[in-house]
**Student:** 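This is the structure I have questions about; it appears just below.
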Amino acid sequence: MIILGIDTSCDDTCAAIVENGKKLLSNVINSQLIVHHQYGGVVPELASREHIRNIVPVVRESLRKPGLSNKDIDAIAVTVGPGLIGALLVGIYFAKAFGYANNIPLIGVNHLEGHILSIFLEKKSPPFPFVALTVSGGHTNLYHVRNFGDYTVLGQTLDDAAGEAFDKIAKLLELGYPGGPVIEKLAVTGRPEAIDFPRAYLSKDSLDFSFSGLKTAVALYVRKWRDQKTSENKIKIADIAASFQVAVVDILINKVFAAATQVGANSVMLAGGVARNNHLRSELQKKMTKEGIDLYISSPEFCTDNGAMIAVAGYHRIIKGERDDLTLDARSRFPLDQI
Ligand code: KG4
Ligand code: ZN
């Protein structure tokens, strides 16, 4: 079964073609980075307009690459939420039209389910049950994944998402958008022990996250640091980046391990834009190896938003006989256990 997967939930226009929920035939992403960079974050109205401009060429490219035409597609899967409503609607209306015109099934997909199932595009995927951490600009969630379609939310952020914290700190340091990659690059030359930023672990046994205290602590620190900035100041911007990054990574690792312990899982998977962070990947790998837990991380191209993960999630719903009709609508908030 060949599925076309569409994701327009945020600032990337994504289309991909996946066979039998596993084999990637194409994966096309049109990034809007240049459009949003100057604003230090995603501007929803501009994102919608860009999706309208890009959706048809992106889908055409996804078909052209493997030499397919519309009639080779057996079903179309599209993200319905969570995400920016205007942006989501572009993908949804495209998918409805494509499904109707080609007389193929349409299935709406939760974006977070897509992130979790992105791991099934890899050669090695975890056995059920496992713990999943989806960590990006819009979400920081821990799940107990028992099977395809069977998820329990174990924890989530009470305020900012981890990627959002990277983006806000980068904005504060005038490093542009998105913040994650540039902070990671700076942190390589910085000292992670230079500043002891706070780590919020919340109450004992809590699997929730909170990054707003850390963000405020960094903001206050930067204000003071700017006032005292002289060539003799021993703290460099790279030290701030490294100390901030290590605080985020410590929190994520602590919670992932606590979640795996609480549910007794032997496997953990990591996905979402922040999962591209090499410091997080290597430190989490060290911790999991030490604790005897198998770690699965999506490859960088499947960590950030993409249509392939939506095609995988759509496949597992379609083969169960699920279908959506033309009343399919966007959902800005869409907790995964409310599917
Ligand atoms: O999954 P994604 O592409 O889109 C959302 O659904 O949000 O994630 C984007 C987020 C941004 O906040 C970006 O700063 C962060 O992922 N990110 C990173 C890295 N690369 C992207 N954060 C930390 N380190 C990175 N290398
Ligand atoms: Zn995402």
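Note that ligands are numbered from 1 as they come in the structure, with each ligand's atoms numbered from 1 the same way.
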**Student:** Does ligand 1 have any atom that is closer than 4.0 Å to a heavy atom of His139?
**Tutor:**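 Right, His139 reaches ligand 1.
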**Student:** Pull out every atom of ligand 1 sitting under 4.0 Å from any heavy atom of Glu184, numbered as shown with elements.
**Tutor:**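 Atoms satisfying the 4.0 Å criterion: 24 (N), 25 (C), 26 (N).
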**Student:** At a 4.0 Å threshold, what atoms of ligand 1 neighbour a non-hydrogen atom of His115?
**Tutor:**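 It comes down to these atoms of ligand 1: 1 (O).
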**Student:** Check whether the side chains of Ser298 and Ser118 place a donor and an acceptor atom closer than 3.5 Å, and report yes or no.
**Tutor:**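 Result is yes, a qualifying pair exists.
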**Student:** Look only at interatomic distance and state if Pro178 has a nitrogen or oxygen under 3.5 Å from any nitrogen or oxygen of ligand 1.
**Tutor:**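 In this structure, Pro178 places no N or O atom under 3.5 Å from an N or O of ligand 1.
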**Student:** In terms of heavy-atom contacts, does CG of Asn103 have more than 12 from other residues, nucleotides or ligands at under 6.0 Å?
**Tutor:**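 Atom CG in Asn103 is not packed in, count stays at 12 or less.
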**Student:** Short N/O distance, under 3.5 Å, between Asp12 and ligand 1?
**Tutor:**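 Between Asp12 and ligand 1, no N or O pair is found under 3.5 Å apart.
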**Student:** If we set the cut-off at 4.0 Å for heavy atoms, which region of Thr304 has an atom near ligand 1: side chain, backbone, both, or neither?
**Tutor:**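 The part of Thr304 near ligand 1 is both the backbone and the side chain.
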**Student:** Inspect the surroundings of CD1 in Ile34 and state if more than 12 heavy atoms from other residues, nucleotides or ligands are less than 6.0 Å away.
**Tutor:**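 Atom CD1 in Ile34 is not crowded, with 12 or fewer foreign heavy atoms closer than 6.0 Å.
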**Student:** Output yes when Arg199 and Asp196 qualify as a salt bridge under the 4.0 Å nitrogen-oxygen rule, no when they do not.
**Tutor:**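 Salt bridge between Arg199 and Asp196, a charged N being under 4.0 Å from a carboxylate O: yes.
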**Student:** State plainly whether one hydrophobic cluster holds both Tyr177 and Phe211, where clusters connect Ile, Leu, Val, Met, Phe, Trp and Tyr through side-chain heavy atoms under 4.5 angstrom apart.
**Tutor:**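 No, Tyr177 and Phe211 fall in different hydrophobic clusters.
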**Student:** Checking a contact table here: which protein heavy atom is nearest atom 22 (N) of ligand 1, and how many Å away?
**Tutor:**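 Here the nearest protein heavy atom works out to Gly180 CA, 3.2 Å.
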**Student:** Count I, L, V, M, F, W, Y as connected when their side-chain heavy atoms are under 4.5 Å apart, and connections chain through other members. Are Leu25 and Val58 then in the same cluster?
**Tutor:**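 No, Leu25 does not connect to Val58 through the hydrophobic network.
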**Student:** Do any N/O atoms on Gly163 end up under 3.5 angstrom from N/O atoms on ligand 1?
**Tutor:**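 Gly163 vs ligand 1: N/O contact under 3.5 Å present.
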**Student:** His111 heavy atoms, cut-off 4.0 Å: which ligand 1 atoms fall inside?
**Tutor:**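 That gives atoms 6 (O) of ligand 1.
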**Student:** May I ask you to identify the nearest protein heavy atom to atom 4 (O) of ligand 1, giving residue, atom name and distance to one decimal place in Å?
**Tutor:**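 It is Asp305 OD2, 3.3 Å.
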**Student:** Got a sec: does the NZ of Lys320 have more than 12 other heavy atoms crowding it under 6.0 Å?
**Tutor:**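 It does: Lys320 NZ has more than 12 such atoms within range.
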**Student:** Under 6.0 Å between ring centres: does that hold for Tyr221 and Phe197?
**Tutor:**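 Distance test on ring centres: under 6.0 Å, yes.
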**Student:** Compare every heavy atom of His36 with every heavy atom of Leu46, then report the nearest pair and how far apart it is.
**Tutor:**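 Shortest heavy-atom contact: CB-CE1, 4.0 Å.
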**Student:** From His115, does some N, O or S atom reach closer than 2.8 Å to the Zn ion (ligand 2)?
**Tutor:**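 A backbone or side-chain N, O or S atom of His115 is under 2.8 Å from the Zn ion (ligand 2).
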**Student:** State if Gly138 counts as touching ligand 1 under the rule of any non-hydrogen atom under 4.0 Å.
**Tutor:**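 It does; at least one heavy atom falls under 4.0 Å.
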**Student:** Can you sort out which atoms of ligand 1 are near Gly179, meaning under 4.0 Å from one of its heavy atoms?
**Tutor:**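 Ligand 1 atoms under the 4.0 Å threshold to Gly179: 14 (O).
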**Student:** Which of these, Gly273, Ala271, Pro300, Ser136, has its nearest heavy atom closest to atom 20 (N) of ligand 1?
**Tutor:**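 Going through Gly273, Ala271, Pro300, Ser136 one by one, Gly273 has the nearest heavy atom to atom 20 (N) of ligand 1.
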**Student:** So with a 6.0 Å cut-off around CZ of Phe257, is the heavy-atom count from everything else above 12?
**Tutor:**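 Counting other residues, nucleotides and ligands, CZ of Phe257 exceeds 12 neighbours.
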**Student:** Check whether the ring centres of Phe130 and Tyr296 lie less than 6.0 Å apart, and answer yes or no.
**Tutor:**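 Judged by ring-centre distance (under 6.0 Å), Phe130 and Tyr296 do not meet the cut-off.
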**Student:** For ligand 1, which atoms sit closer than 4.0 Å to a heavy atom of Asp167?
**Tutor:**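 Answer, ordered by atom number: 11 (C), 12 (O), 13 (C), 14 (O).
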**Student:** Do any N/O/S atoms of His111 come under 2.8 Å of the Zn ion (ligand 2)?
**Tutor:**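 It does; at least one qualifying atom falls short of 2.8 Å.
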**Student:** Distance under 4.0 Å to a non-hydrogen atom of Gly137: what atoms of ligand 1 satisfy this?
**Tutor:**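 Result: 5 (C), 7 (O), 8 (O), 9 (C), 10 (C), 12 (O).
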**Student:** Run through Ile3, Val59, Val28, Leu4 and flag the one making a side-chain contact (heavy atoms from CB on, under 4.5 Å) with Ile17.
**Tutor:**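 Checked Ile3, Val59, Val28, Leu4 against Ile17; only one passes side-chain contact (heavy atoms from CB on, under 4.5 Å): Leu4.
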**Student:** Which residue holds the protein heavy atom closest to atom 24 (N) of ligand 1, what is that atom called, and what is the gap in Å?
**Tutor:**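 Answer, as residue, atom name and distance: Asn277 ND2, 3.0 Å.
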**Student:** Name of the Asp305 N, O or S atom nearest the Zn ion (ligand 2)?
**Tutor:**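 Sorting the N, O and S atoms of Asp305 by distance to the Zn ion (ligand 2) puts OD1 first.
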**Student:** Below 4.0 Å from any atom of ligand 1, is there a heavy atom belonging to His279?
**Tutor:**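 It does not, in that no heavy atom of His279 comes within the 4.0 Å cut-off of ligand 1.
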